[in-house]
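Notes for the one structure printed next.
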There are 2 protein chains.
Amino acid sequence: MKMTIPESTIHRMPQYIKVLEYLDEGKVLFVTSRDFETHIDVNPSIIRKDLSYFGEFGVRGKGYSVTGLKQELEKIMGLTGHRTIIIGAGNIGKALTNYKGFDNIKLKINAVFDNDERKIGSMINTIPVLDIKTMKAYVESENIEFVIMAVPSSIADLVVDQLIDSDIKGIINFTSKFLSVPKRIKVISINIDTKIMEMFYFLKKSRMK
Amino acid sequence: MKMTIPESTIHRMPQYIKVLEYLDEGKVLFVTSRDFETHIDVNPSIIRKDLSYFGEFGVRGKGYSVTGLKQELEKIMGLTGHRTIIIGAGNIGKALTNYKGFDNIKLKINAVFDNDERKIGSMINTIPVLDIKTMKAYVESENIEFVIMAVPSSIADLVVDQLIDSDIKGIINFTSKFLSVPKRIKVISINIDTKIMEMFYFLKKSRMK
DNA sequence: TCCACATTGTGAAAGAATTCACAATGTGGT
DNA sequence: ACCACATTGTGAATTCTTTCACAATGTGGA
Ligand SMILES: NC(=O)c1ccc[n+]([C@@H]2O[C@H](COP(=O)([O-])OP(=O)(O)OC[C@H]3O[C@@H](n4cnc5c(N)ncnc54)[C@H](O)[C@@H]3O)[C@@H](O)[C@H]2O)c1
Ligand SMILES: NC(=O)c1ccc[n+]([C@@H]2O[C@H](COP(=O)([O-])OP(=O)(O)OC[C@H]3O[C@@H](n4cnc5c(N)ncnc54)[C@H](O)[C@@H]3O)[C@@H](O)[C@H]2O)c1
């Protein structure tokens, strides 16, 4: 049990949590690795292998306790209540700020930052839009560990420079730029455009046959 | 050159296109596989291997023509002008509908569908919000190949049933549900929540050391 | 025209992830 | 208390992906 944990395992863990949440809502008490196949596109032995990196959570002959495993996985993934800020009060920034579902992953959006005079000082729901100039100080005083970046892609590097200067640990990146950052900062990119291009490729292939 | 193309290659192809667009804007004429390392997190030989699945596009000793390669890759990925509809005129649906950048990937959003009486009949920018009841007919008459689904996760299966009934080929899925569809339909999921949970894990790890 | 050089394209090697297959073990019915 | 059964946890086998390393080849300067 002293192996390094594969990247792909980390990608799947949150999906397992989602499935367990869903089953829990449906009052399901036990789940087997085979049952997961209905809810997620992975083979049962991959689930068992993934879990084995972290411990033994199952009961042989029976499966896994839904609430028990959910709690374990939440602990493993560090789902302990996080706060963040959003940079860019545009289309995506507003959509995220208005989103109610972040409660489920215990995420609180503290503030949104922008450089547009017309937006600064306003509120999105109950969340204030603040001046980007005050971001560094805010991040430090409020101990923000990671940010969500939703500014135009052309501005990405500019914002990243400011973030490198602060002691942020992570960036969720909605821009289509590759961010060059020191390795103490973890970048996770959500790239809608490239996902849609993948779809184009599959459409083309399906037309061909 | 008759091998099957790895999934991971398909994930990277759109990223190469993005880099080439960026270089092209900067009037760069030639690019080597090594140059890509500045803009994307992959090793040069992977780029060469990826491209080799589709043909030979480089000039030995020189590199790749930026505009030439861009055009080739756009052709390979089927970037030929697509139309789509968005299902759900909520936070994400509106953000996508308002997004100008889809021009770059030659994507046109034809219409948005919703079941909320207050939204049906209105416009988002120049794009009409139509009644979900008319979706199937619309998809067929307008020959829509894929849809973008941005309804509440609890409604996902309901909408999927209607889509299976139509002759849609693909779904870009923003809900957190795993969609069970016949294999003629390609599902590509963009799961913001699970990406953020991955970030939590890395934050936890970085706190530990 | 020739040659030193740079970089591609690609088999072969190395490394990583998935799947198999089964011993280990708890379950639940009798 | 026992046993037939189900399912876990995990080494070993397999498959998939990345990286290496170099022959092939076009470039550009002398
Ligand atoms: N909206 C989408 O559906 C969508 C789809 C794919 C990709 N994206 C990407 O997401 C990012 C955001 O897209 P969007 O549509 O929300 O953009 P947007 O233009 O609607 O919003 C950008 C916001 O950033 C603010 N901003 C600009 N410069 C700033 C600065 N220096 N400091 C702080 N704030 C600044 C602007 O005032 C604006 O409020 C872009 O990189 C885009 O490519 C968006
Ligand atoms: N907004 C975000 O930042 C965000 C983040 C992560 C995940 N998501 C996911 O994206 C999806 C959409 O989120 P959102 O925030 O845009 O939701 P939302 O509630 O703002 O919008 C959903 C829209 O769907 C419409 N709708 C409801 N039932 C419908 C039906 N039967 N047919 C047609 N339309 C129907 C609603 O009227 C509403 O306009 C959800 O699954 C959510 O979990 C959103």
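Naming convention: chains lettered A, B, ... in sequence-line order (proteins, then strands); numbering from 1 in each chain.
Taking the six-membered ring for Trp, B/Tyr138 and B/Phe113 have ring centres closer than 6.0 Å. Taking the six-membered ring wherever Trp is involved, the centroid distance between the rings of A/Phe30 and A/Tyr64 does not fall below 6.0 Å.
Between B/Lys186 and A/Glu198, no side-chain nitrogen of the basic residue sits less than 4.0 Å from a carboxylate oxygen of the acidic one, so the salt-bridge criterion is not met. Between B/Glu74 and B/Lys106 there is a salt bridge, since a side-chain N of the basic residue sits under 4.0 Å from a carboxylate O of the acidic one.
Closest to the side chain of B/Arg12, out of C/dT10, D/dT18, D/dT17, is D/dT18. Ranking D/dT8, D/dA12, D/dT19 by closeness to the A/Tyr64 side chain, first place goes to D/dT8. The side chain of B/Arg60 lies closest to C/dG9, out of C/dT27, C/dG9, D/dT10. Taking only side-chain atoms of A/Lys49, from C-beta outward, the nucleotide of D/dG11, D/dC20, C/dT7 with the closest atom is D/dG11.
Remark: P of D/dG26 and CZ of B/Phe30 are 14 Å apart, rounded to the nearest angstrom. For A/Ile10 and C/dA17, the CD1 to C1' distance is 14 Å, given to the nearest whole Å. Atom OH in B/Tyr53 sits about 12 Å away from atom C1' in C/dG11, given to the nearest Å. Rounded to whole Å, atom P of D/dT10 lies 14 Å from atom CD1 of A/Ile5. At whole-Å resolution of the value, CD in B/Glu7 and P in D/dT15 are 18 Å apart. Atom-to-atom, CZ of B/Phe57 to P of C/dG9 comes out at 8 Å; the value is rounded to the nearest Å. Taking atom CG of residue A/Leu51 and atom C1' of nucleotide C/dT18, one finds them 15 Å apart after rounding to whole Å. If you take CZ of B/Arg34 and P of D/dC20, they are 12 Å apart, rounded to a whole angstrom.
A/Thr32 comes within 4.0 angstrom of the backbone, heavy atoms only, and of no base.
Phosphate proximity of D/dT18 to B/Ser8: present, with a side-chain N or O under 4.0 Å from OP1 or OP2. Taking 4.0 angstrom as the limit, A/Ser33 places none of its side-chain polar atoms (N or O) nearer than this to OP1 or OP2 of D/dT7.
Between A/Lys62 and A/Arg48, the residue anchored nearer the 5' end of DNA chain C, judged by the nucleotide with its closest heavy atom, is A/Arg48. Nearest-nucleotide positions on DNA chain C for B/Gly63 and A/Asn43 put B/Gly63 closer to the 5' end.
Aromatic ring orientation, B/His82 versus A/Phe200: parallel (interplanar angle below 30°, classes split at 30° and 60°).
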